[in-house]
Amino acid sequence: MPDDCLFCRIVRGDIPVPFVYETPQCVAFRDINPQAPLHVLVVPREHVASLDAARDPALIGELSLAAAEIARREGVAERGYRTVMNTNAEAGQTVFHVHLHLLGGRALGWPPG
Ligand code: 5GP
Ligand code: ZN
């Protein structure tokens, strides 16, 4: 858990952010700059910089199933929602601790920008 990683600090509780959901492997909290009525970030407790650096299929699968559970709890599962993992510069990754965006609560355009 690097000292200088923002999401490691949130996972550790150094920065107080309410978790909307957590499991032994991951935590989830609301994005500070929401792009939809529901915008939650699902973050593994373990530091992994990006999807490109990930090697554990169970950990990556955990993030998707956690997002699906949050979507059900938040009441958007039937209407629909999107999960997105931005990887490296051209995809716009800004925090280099892998995370899954869960977006819902409005119609989402496709293709993404
Ligand atoms: P990325 O651009 O790496 O795919 O996503 C990073 C996300 O983290 C952005 O949507 C950004 O708004 C969010 N974010 C950055 N800093 C913070 C923070 O301190 N707290 C929370 N809750 N979200 C943050
Ligand atoms: Zn980290």
Side-chain angles (χ1 to χ4, degrees):
M1 279 200 168
D3 287 346
D4 55 351
C5 170
L6 174 65
F7 287 176
C8 281
R9 294 170 69 200
I10 289 175
V11 165
R12 276 200 302 265
D14 293 352
I15 302 171
V17 173
F19 294 155
V20 298
Y21 184 71
E22 55 184 309
T23 73
Q25 288 79 34
C26 71
V27 304
F29 49 87
R30 294 188 196 281
D31 197 291
I32 203 168
N33 182 24
Q35 301 302 310
L38 175 67
H39 188 173
V40 167
L41 302 174
V42 187
V43 176
R45 293 180 188 273
E46 179 188 334
H47 181 87
V48 176
S50 71
L51 183 61
D52 188 51
R55 296 293 179 268
D56 181 355
L59 186 67
I60 297 303
E62 172 85 8
L63 303 182
S64 288
L65 293 185
E69 178 61 21
I70 297 161
R72 286 189 290 270
R73 293 183 182 198
E74 296 277 337
V76 301
E78 277 196 34
R79 296 167 59 187
Y81 59 89
R82 185 170 296 161
T83 54
V84 177
M85 211 176 260
N86 296 321
T87 303
N88 287 341
E90 282 203 355
Q93 185 176 1
T94 58
V95 177
F96 286 84
H97 179 133
V98 72
H99 51 279
L100 188 63
H101 295 258
L102 167 61
L103 297 150
R106 67 170 171 85
L108 298 163
W110 191 264

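Computed from a predicted model, the values in this text were never measured in an experiment. Each ligand, and each atom within it, is numbered from 1 in the order the structure gives.
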*Looking only at N/O atoms, are R30 and ligand 1 under 3.5 Å apart anywhere?*
yes

_Does any N or O of ligand 1 fall below 3.5 Å from an N or O anywhere on V95, backbone included?_
yes

Among all protein heavy atoms in this structure, tell me which lies nearest to [atom], with the distance rounded to 0.1 Å.
atom: atom 5 (O) of ligand 1; value: H99 NE2, 2.9 Å
atom: atom 2 (O) of ligand 1; value: T94 OG1, 2.8 Å
atom: atom 12 (O) of ligand 1; value: D31 OD1, 2.5 Å
atom: atom 19 (O) of ligand 1; value: L6 CD2, 3.8 Å

Hey, which atoms in ligand 1 end up nearer than 4.0 Å to a heavy atom of [X]?
X: F29; result: 22 (N)
X: Q93; result: 3 (O)
X: F7; result: 8 (O)
X: N86; result: 4 (O)

*Heavy atom of H101 under 4.0 Å from ligand 1?*
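It does; at least one heavy atom falls under 4.0 Å.
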
Are any non-hydrogen side-chain atoms of [X] and [Y] less than 4.5 angstrom apart?
X: V43; Y: F29; answer: yes
X: D52; Y: N88; answer: yes
X: R30; Y: V17; answer: no
X: M85; Y: L63; answer: yes

*asked:* Can you tell me how far apart SG (C8) and CD (E46) are? Round to the nearest 0.5 Å.
replied: 9.5 Å

_Once rounded to the nearest 0.5 Å, what's the spacing between atom CD1 of I70 and atom CG of L102?_
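One finds 6.0 Å between CD1 of I70 and CG of L102.
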
*Which atom of G104 lies closest to which atom of Y81, heavy atoms considered*: CA-CB, 4.3 Å

*How is the N/O/S atom of H97 that comes nearest to the Zn ion (ligand 2) named?*
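Distance check against the Zn ion (ligand 2) picks out ND1 in H97.
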
*Closest to the Zn ion (ligand 2), which N/O/S atom of H47 is it?*
ND1

*If you stand at the Zn ion (ligand 2) and look out to SG of C8 and SG of C5, what angle do those two lines make, to 10°?*
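Reported to 10°, the angle equals 120°.
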
*Please state which part of L41 comes within less than 4.0 Å of ligand 1, counting heavy atoms only: side chain, backbone, both or neither.*
side chain

*For atom 14 (N) of ligand 1, which of V43, I32, T87, N33 has the closest heavy atom?*
I32

*Sort out for me which residue in I15, D3, D4 forms a side-chain contact (heavy atoms from CB on, under 4.5 Å) with R9.*
I15

*In a check of side-chain contact (heavy atoms from CB on, under 4.5 Å) between P44 and each of E62, H99, H97, which one passes?*
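The single option meeting the side-chain contact (heavy atoms from CB on, under 4.5 Å) with P44 is H97.
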
*Geometric class of the H39/H101 ring pair [parallel <30°, tilted 30-60°, perpendicular >60°]*: tilted

